[in-house]
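Each chain gets a letter, A, B and so on, in the order its sequence line appears, and its residues count up from 1.
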Amino acid sequence: MSLRIVVCVKYVPDATGDRHFAEDLTVDRDDVDGLLSELDEYAVEQALQIKEAADDAEITVLTVGPEDANDAIRKALSMGADKGVHVEDEDLHGTDAVGTSLVLAKAIEKTGYDLVVCGMASTDGTMGVLPAMLAERLGVPQVTQLSEVSVEGGPNGTVKGRRDGDTATEQLEASLPAVVSVTDQSGEARYPSFKGIMAAKKKPVEELELDDLDIDADEVGLEGAWTKVEDATERPARTAGTIVKDEGEGAKQLAEFLAGQKFI
Amino acid sequence: MAEVLVYVDHVDGSVRKPTLELLTLARRIGDPVAVSLGNGAADTAATLAEHGAVKVLTADAAEFADYLVAPKVDALQAAVESVSAAGSLAAVLLPSSAEGKEIGARLAIRIGSGIITDAVDLEAGDEGPVATQSVFAASYTTKSRITKGTPVITVKPNSAPVEPAAAAGAVEELAVTVADSSKGTKVVSRTPRESTGRPDLTEAAIVVSGGRGVNGAENFPVIEALADSLGAAVGASRAAVDAGWYPHTNQVGQTGKSVSPQLYIAAGISGAIQHRAGMQTSKTIVAINKDEEAPIFELVDYGVVGDLFNVVPALTDEVKTRKG
Ligand SMILES: Cc1cc2nc3c(=O)[nH]c(=O)nc-3n(C[C@H](O)[C@H](O)[C@H](O)COP(=O)(O)OP(=O)(O)OC[C@H]3O[C@@H](n4cnc5c(N)ncnc54)[C@H](O)[C@@H]3O)c2cc1C
Ligand SMILES: Nc1ncnc2c1ncn2[C@@H]1O[C@H](COP(=O)(O)O)[C@@H](O)[C@H]1O
């Protein structure tokens, strides 16, 4: 039996662009170019390595997002994933984390899975909560924030990993099916090869809408959201500070400043 | 008055500072009820009472250490149910650590609530607590609230002062049954991180960070010496971490720690957006960089254009002299 891996990837506004809020206080996705979240590239990479180490495995890339989010799927397919699932629906606009986890969980169940691989956090929302929410909704073990991960024994096997926490390093283990998330310490993601990019064009991407997942429009979107952004203000640019050139006195001048601020 | 559950982050009974900050914020919304789990849980009560906990719910079971996250969710859910049954629950607050966020996330799904993560401030509002967040690498400040269920909110370290406020702190044992389904992820081994003797990075009032400009692990003592003279924590940019010069646990930025100290000193760091994301909310920012065009200078209150190998050791000496 083939090991069924689902990788969750998010299409996000480029962090180096000028990110803004739209009038309805959702993330403005029109002004800034989007891309596959860099932190999710690590998830795709680990899925590929798990597949390479397994006898038989298949990787499905799953995204919930607007039409352009297809780019994120294509990028993952060009890295080597086998097929894609794209959940897109007008009613999804403004969905928050709790709602997204509902959509992802239903789509994962519909696709069929032994292992779900996520990134550690999305680069726009940076919540780092989705993987735990998915484990909760799917009722399977959560093996998250891993800087090292491996799977043994195929679809009924085990997943092992190393979690570097604040106060300790933990070795974790769980039986499949399970949800894992991987950090940027798990290993550099590969670049798509020319062959990979060509092959990706022919790989199947299934398009799903909320109806296909038996989700009502009022469970998601801005109206159905569990949270509400009431106000977003651009942080005033920090007022220009004092800049001095060190010509032998730099450290003294800086010490003077620090003393003035009562740090020394 | 309504009650507010505060999840206690502690190491064998010694309460970590972010939890005391949570108690300060919790008091703005209601009466803080602390939930303390695992080894040493009961030992946390005195400190929690001194900082405003009217009640301390404790539970100690091997499962909290033997399995990842889920058993703690079972316990917090039991606390939510017990407090809601007896009165009204205004919110559940947790520290914004990786674990705090994951516990909060699962709890929110279980009790049908919304969740806000990484709040930097919290105030009471007519329709429930209003959380301030700093988003898009701190280029925006937002105010949000939760519209469904009992608000679950995780708060970043250094978001509020620690304020003593004596309260009863009555200890009550919390009855918890850890579900079999919560024993899915075994913690096979745990290796505590060695203490450096320096303040914790996310809790420190001053952070001194080094980047690629430090140019080698063997030079990091230059950064450490300045940090020690100021009683500061040591941070590093990802470039320095990736090069193997400093441990990943000290990385500041999007994929490392997010810090918000009174004073942040960046030496040999260019100030990439992902680094800024983790330090831009610092109160005072100082940079030492030999490139006057480095983007970090756009953020600073005080910047020195110069070689860190001249400036940093001289500054360390200055600090030592002035401190006497
Ligand atoms: C998904 C993702 C996540 C990331 N997460 C993080 C993160 O969490 N944290 C993070 O820091 N980065 C992160 N990065 C990396 C980030 O983009 C930058 O590459 C990194 O911050 C650069 O580190 P640096 O400033 O030390 O190095 P550089 O950009 O190389 O800058 C070094 C600076 O040192 C100065 N310098 C050199 N020698 C001296 C000297 N002798 N004296 C004084 N100055 C000197 C130079 O002028 C230069 O400005 C992430 C990137 C990605 C894509
Ligand atoms: N819209 C989405 N579509 C697919 N996967 C997502 C989406 N949002 C988040 N994820 C996954 O969940 C992880 C954590 O996201 P977050 O909790 O939003 O920080 C990401 O790294 C992705 O793997």
Side-chain angles (χ1 to χ4, degrees), chain A residues 15-16 19 21 39 96-98 101 120 123 126-129 132-133 136-137 139-145 164-174 178 183-185 225-235 238 241-246 250-255 257 259 261 263-264, chain B residues 11 68-70 97-99 101-102 105-106 108-110 113-117 136-148 181 184-193 206 248-249 254-255 263 273-274 284 286 297 299-306 310-311 314-315 318-319 322-323:
Chain A
T16 55
R19 293 174 294 177
F21 279 91
L39 292 174
D96 63 0
V98 174
S101 72
M120 63 188 283
T123 52
T126 62
M127 290 181 76
V129 294
M133 287 181 174
E136 182 67 36
R137 287 195 185 272
V140 302
Q142 153 194 350
V143 199
T144 47
Q145 304 281 338
D164 294 322
D166 266 358
T167 52
T169 288
E170 295 164 328
Q171 294 290 343
L172 305 176
E173 193 178 311
T183 72
D184 62 332
Q185 297 295 298
W226 279 256
T227 47
K228 185 171 190 306
V229 180
E230 298 197 312
D231 182 49
T233 40
E234 209 161 349
R235 203 184 159 86
R238 292 186 82 102
T242 312
I243 309 230
V244 298
K245 242 197 177 86
D246 176 38
K252 255 208 179 68
Q253 289 165 298
L254 181 48
F257 169 79
Q261 304 281 316
F263 289 116
I264 318 179
Chain B
V11 181
L68 193 73
V69 175
S97 58
E99 186 181 68
K101 287 188 190 184
E102 292 184 334
R106 298 187 68 144
I109 300 290
R110 281 211 200 159
S113 291
I115 178 170
I116 289 174
T117 56
F136 294 162
S139 57
Y140 270 90
T141 303
T142 60
K143 285 192 191 294
S144 309
R145 74 190 163 77
I146 286 156
T147 50
K148 290 187 188 170
S181 57
T185 308
K186 276 201 264 336
V187 178
V188 181
S189 71
R190 176 178 289 116
T191 318
R193 206 167 297 296
I206 304 180
H248 179 251
T249 39
Q254 189 188 16
T255 52
L263 171 64
I273 184 87
Q274 295 89 352
T284 300
V286 166
F297 286 126
L299 301 182
V300 299
D301 297 286
Y302 203 90
V304 178
V305 180
N310 296 330
V311 179
L315 179 61
E318 279 288 332
V319 174
R322 283 169 189 256
K323 281 195 166 178

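- When side chains are defined from C-beta on, B:Val187 counts as touching A:Leu172, because their heavy atoms get closer than 4.5 Å.
- The aromatic rings of B:Tyr140 and A:Phe21 sit perpendicular to each other, their planes meeting at more than 60°, with 30° as the lower class boundary.
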Practice task
Just do the side chain to side chain contact (heavy atoms under 4.5 Å, CB included) check on B:Ile115 and A:Val98 with the steps written out, would you?
Solution key: CA-CA 8 Å; B:Ile115 178 170; A:Val98 174; 4.3 Å; yes

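- For chain A, the option among B:Ile116, B:Thr185, B:Val300 with the highest count of heavy-atom pairs below 4.5 Å is B:Thr185.
- For A:Thr123, the parts lying under 4.5 angstrom from a heavy atom of chain B are both the backbone and the side chain.
- Residue contact with chain A, scored on non-hydrogen atoms closer than 4.5 Å, involves the backbone and the side chain of B:Leu263 alike.
- Put simply, the side chain of A:Lys252 reaches to within 4.5 Å of the side chain of B:Glu318, judged on heavy atoms.
- For the pair B:Leu68 and A:Glu170, the minimum side-chain heavy-atom distance is below 4.5 Å.
- Summarising the geometry of A:Ala255 relative to B:Arg322, their closest heavy-atom pair is CB-NE, 3.8 Å, with the distance given to 0.1 Å.
- When side chains are defined from C-beta on, A:Gln142 counts as touching B:Val69, because their heavy atoms get closer than 4.5 Å.
- Note: A:Thr233 leads A:Thr233, A:Val129, A:Ile264, A:Val229 in heavy-atom pairs under 4.5 Å with chain B.
- In this structure, a donor-acceptor pair under 3.5 Å is absent between the side chains of A:Asp166 and B:Ser97.
- When the candidates A:Met133, A:Arg19, A:Met127, A:Gln185 are compared by the number of heavy-atom contacts under 4.5 Å with chain B, A:Arg19 comes out ahead.
- Interface summary for chain B: among A:Ala178, A:Gly139, A:Ala225, the most heavy-atom pairs under 4.5 angstrom belong to A:Ala225.
- Listed options A:Val140, A:Asp96, A:Thr144, A:Thr183 were ranked by heavy-atom pairs under 4.5 angstrom with chain B; first place goes to A:Thr144.
- When each of A:Leu39, A:Val143, A:Asp231 is checked for heavy-atom pairs under 4.5 Å with chain B, A:Asp231 comes out on top.
- With a 4.5 Å cut-off on non-hydrogen atoms, B:Asp301 touches chain A through its backbone and its side chain both.
- Residue B:Lys143 holds its NZ atom at 10.0 Å from CD of A:Glu230, rounded to the nearest 0.5 Å.
- Counting heavy atoms of neighbouring residues, nucleotides and ligands inside a 6.0 Å radius, atom NZ of B:Lys101 exceeds 12 of them.
- For B:Glu102, the parts lying near chain A are the backbone and the side chain together; criterion is any non-hydrogen pair under 4.5 Å.
- B:His248 has its side chain within reach of A:Asp184: a pair of non-hydrogen atoms, C-beta onward, lies under 4.5 Å apart.
- When each of B:Ala314, B:Ala105, B:Gly306, B:Ala108 is checked for heavy-atom pairs under 4.5 Å with chain A, B:Ala105 comes out on top.
- Annotation: side chain of B:Val286 is not in contact with side chain of A:Phe263 (no heavy-atom distance under 4.5 Å).
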Practice task
Determine, stepwise, if the pair A:Gln253 / B:Val304 fulfils side chain to side chain contact (heavy atoms under 4.5 Å, CB included).
Solution key: CA-CA 9 Å; A:Gln253 289 165 298; B:Val304 178; over 6 Å; no

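- Taking B:Thr191, B:Ile146, B:Ile273 one by one and counting their heavy-atom pairs under 4.5 Å with chain A, the maximum is reached by B:Thr191.
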Practice task
Begin with the C-alpha distance, continue with both residues' side-chain angles, and end with the deciding distance and a verdict on side chain to side chain contact (heavy atoms under 4.5 Å, CB included) for B:Thr249 and A:Asp164.
Solution key: CA-CA 8 Å; B:Thr249 39; A:Asp164 294 322; 5.6 Å; no

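- With chain B as the partner, the residue from A:Lys228, A:Arg137, A:Met120 showing the most heavy-atom pairs under 4.5 Å is A:Lys228.
- Heavy atoms only, all atoms of each residue included: A:Ala168 and B:Arg190 are closest at CB-CG, 3.5 Å.
- Ranked by heavy-atom pairs under 4.5 Å with chain A, the first of B:Thr117, B:Thr147, B:Val11 is B:Thr147.
- Dense packing is recorded around NZ of B:Lys323, with more than 12 heavy atoms of other residues, nucleotides or ligands lying under 6.0 Å away.
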